[in-house]
Peer 1: 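Please see the structure below; I have some questions.
Order of listing sets the numbers, starting from 1, for every ligand and every atom in it. Every value quoted in this text rests on a predicted model; they were computed, and no experiment measured them.
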Amino acid sequence: MAAWVESKLSGIGESIFSTMSRMAHECGAINLSQGFPEFQPPQTLIEAVHKALLDGYNQYAPMPGLPLLREAIAGKCAANLGYILHPETEITIVPGATAGIFCAVQALVHAGDEVIIIEPAYDCYAPAIKLAGAVAKSVALDPRTGEIPWDQVRKLINIRTRMIMVNTPHNPTGWVLSEADWAELERIVLASDLLLLSDEVYEYMVFDGQKHRSAASIESLKDRSIRLSSFGKTYHATGWKLGYISAAEPITKRIREVYQFMAFSASTPMQMGLAQFMRAHTDHETSVAALYQSKRDFLAQALKASRFQVLPCQGSYFQLVDYGAISQAPDREFAEQLTREYGIASIPLSPFFRNDPGHTLLRLCFAKENQTLAEAAKRLCEI
Ligand code: PMP
Ligand code: GLN
């Protein structure tokens with residue numbers, strides 16, 4: 001291969017979300033693979049964006065985002081999540097959490113550094129670390145219990161360790177960090193003077209009466225953490241690609257240094273529409289948990305008659321199922337077979353690990369209409 005097309009991400013390949021969504025389309029399968037809602041964002045939100053377009057909000061937004069939106073975010077965090085953010089200095093609007101993670105890593109992780117990730121890890125973490133010239137070090141949580149081997153995390157830490165990344169609620173397993181996990185994490189981060197990147201894009205999807213715990217709500221972690229949120233998740237609009245980074249002012253400064261050259265700013269009419277919607281509606285965010293909890297329960301109930309084992313799910317819009325009673329095939333192979341032969345597309349877990357641990361687990365997205373979930377479950381019950 002010519003040197004000028006040598007990959008900077010060799011060995012990483014196509015995202016499993018692209019692969020499985022394409023296969024779902026080709027096979028005409030029900031797509032429970034890539035995570036996105038089947039339903040629309042609230043009508044009033046769509047109307048607010050439409051109005052912003054017509055009202056002339058069509059040129060560049062200020063680099064860190066529209067002040068009105070940043071104020072609305074700070075208001076929601078104070079009212080719903082229990083922490084205070086300064087809209088001017090601690091919130092930066094970005095074109096989606098993926099871009100936010102990439103930007104934060106490029107801004108704060110240096111060549112030669114090490115970053116600890118917890119597998120199964122969302123697919124954009126390792127490439128962002130690699131492109132910063134750094135090295136990802138991983139430990140694996142137990143998808144059946146959500147247990148994180150904190151002793152192994154401690155063993156990985158050395159003078160080069162710069163950052164640890166966590167994700168709560170967790171994609172793909174649905175686990176939420178417990179108070180004990182936060183205490184361990186806090187001890188580790190403080191003892192070794194690390195940065196914490198906390199991916200909280202499913203912050204409003206926490207079930208069974210639990211509340212989302214953010215790194216921003218833990219005093220000692222607030223100043224050394226970078227938190228990611230995604231409007232795509234909370235407002236059922238993944239295609240809008242809009243999110244935000246929150247971090248203390250010194251960290252935000254570093255992030256904005258890079259962001260101004262990475263994208264400069266994010267879609268103005270979308271930002272304006274969201275700001276107006278968030279100001280006018282006080283209860284959308286807090287209604288999201290009940291919506292998804294009912295879908296989680298609907299799917300779990302419908303799968304009771306199947307040979308799939310449904311694992312616990314504390315948050316996110318993903319359900320793990322174990323197909324071990326049906327097949328011992330590798331997960332990618334089984335997911336492909338399920339798509340082709342039974343018309344159900346899912347996400348295998350192995351792409352979220354650097355070394356396939358050999359789990360017989362698949363991820364199903366339940367952000368779908370109940371009739372879609374019912375039809376999917378019917379097909380799964382036939383296997
Ligand atoms: N982090 C996690 C854990 C995700 O699941 C996703 C997308 N589903 C993202 C980040 C990226 O979010 P966005 O679509 O806003 O880029
Ligand atoms: N985050 C979504 C998921 O987990 C997919 C986003 C993407 O396709 N990059 O399914």
Peer 1: Below 4.0 Å, non-hydrogen atoms only: which portion of Arg363 touches ligand 2? Side chain, backbone, both or neither.
Peer 2: side chain
Peer 1: Using a 4.0 Å cut-off to any heavy atom of Gly96, which atoms of ligand 1 qualify?
Peer 2: 15 (O), 16 (O)
Peer 1: Is the closest heavy-atom distance from Asp199 to ligand 1 below 4.0 Å?
Peer 2: yes
Peer 1: Is it the case that ligand 1 has an N or O less than 3.5 angstrom from some N or O of Ala97?
Peer 2: yes
Peer 1: Please write down residue, atom name and distance for the protein heavy atom closest to atom 11 (C) of ligand 1.
Peer 2: Thr98 OG1, 3.2 Å
Peer 1: Among protein heavy atoms, which sits nearest to atom 9 (C) of ligand 1, and what does the distance come to when rounded to 0.1 Å?
Peer 2: Tyr122 CE2, 3.5 Å
Peer 1: Which of the numbered atoms in ligand 1 are under 4.0 angstrom from any heavy atom belonging to Asn171?
Peer 2: 3 (C), 4 (C), 5 (O)
Peer 1: Any ion pair linking Lys76 and Glu203 (charged N to carboxylate O, less than 4.0 Å)?
Peer 2: no
Peer 1: Which one holds for Lys241 and ligand 1: side chain close, backbone close, both close, or neither close, with close meaning a heavy atom under 4.0 Å?
Peer 2: side chain
Peer 1: Check Glu71 with Arg279, please: is the shortest side-chain N to carboxylate O separation under 4.0 Å?
Peer 2: no
Peer 1: Sub-3.5 Å donor-acceptor pair from the side chain of Glu200 to the main-chain atoms of Arg227, do we have one?
Peer 2: no
Peer 1: What do we get for Asn171 next to ligand 2 when only non-hydrogen atoms under 4.0 Å count, side chain, backbone, both or neither?
Peer 2: side chain
Peer 1: Can the ring centres of Tyr317 and Tyr202 be said to be less than 6.0 Å apart?
Peer 2: yes
Peer 1: For ligand 2, which is the ligand I care about here, please tell me if Ser33 has any N or O atom under 3.5 Å from one of the ligand's N or O atoms.
Peer 2: no
Peer 1: Should Met278 and Ile73 count as side-chain neighbours, where that means a heavy-atom distance under 4.5 Å?
Peer 2: yes
Peer 1: Name the option, out of Phe36, Tyr122, Phe318, that contains the heavy atom nearest to atom 1 (N) of ligand 2.
Peer 2: Tyr122
Peer 1: For the residue pair Phe39 and Tyr292, categorise the inter-ring angle as parallel (less than 30°), tilted (30 to 60°) or perpendicular (more than 60°).
Peer 2: tilted
Peer 1: Using a 4.5 Å cut-off on heavy atoms from C-beta on, say whether the side chain of Leu141 contacts that of Pro120.
Peer 2: yes
Peer 1: Run the numbers for me: atoms of ligand 1, each under 4.0 Å from some heavy atom of Asn167, listed by number.
Peer 2: 3 (C)
Peer 1: Please work out, at 4.0 Å between heavy atoms, whether the side chain, the backbone, both, or neither of Lys233 comes within that distance of ligand 2.
Peer 2: side chain
Peer 1: Can you find an N or O of Phe17 that's nearer than 3.5 Å to an N or O of ligand 2?
Peer 2: no
Peer 1: Taking the basic N atoms (NZ, or NE/NH1/NH2) and the acidic carboxylate oxygens, is any pair closer than 4.0 Å for Glu47 and Lys51?
Peer 2: no
Peer 1: Starting from atom 8 (N) of ligand 1, locate the nearest protein heavy atom and write down its residue, its atom name and how far away it is, to 0.1 Å.
Peer 2: Lys233 NZ, 2.2 Å
Peer 1: Give the ring-plane orientation class for Phe264 versus Tyr60, where under 30° counts as parallel, over 60° as perpendicular and anything between as tilted.
Peer 2: perpendicular
Peer 1: Considering both backbone and side-chain atoms of Tyr202, is one of its nitrogen or oxygen atoms within less than 3.5 Å of a nitrogen or oxygen in ligand 1?
Peer 2: yes
Peer 1: On the six-membered ring of Phe36, is Lys368 placed so that its NZ or CZ lies under 6.0 angstrom from the centre and within 45° of the ring axis?
Peer 2: yes
Peer 1: So, is Gln34 polar-close to ligand 2, with some N/O to N/O distance under 3.5 Å?
Peer 2: yes
Peer 1: Check this for me: does any side-chain nitrogen of one of Arg254 and Glu257 sit under 4.0 Å from a carboxylate oxygen of the other?
Peer 2: yes
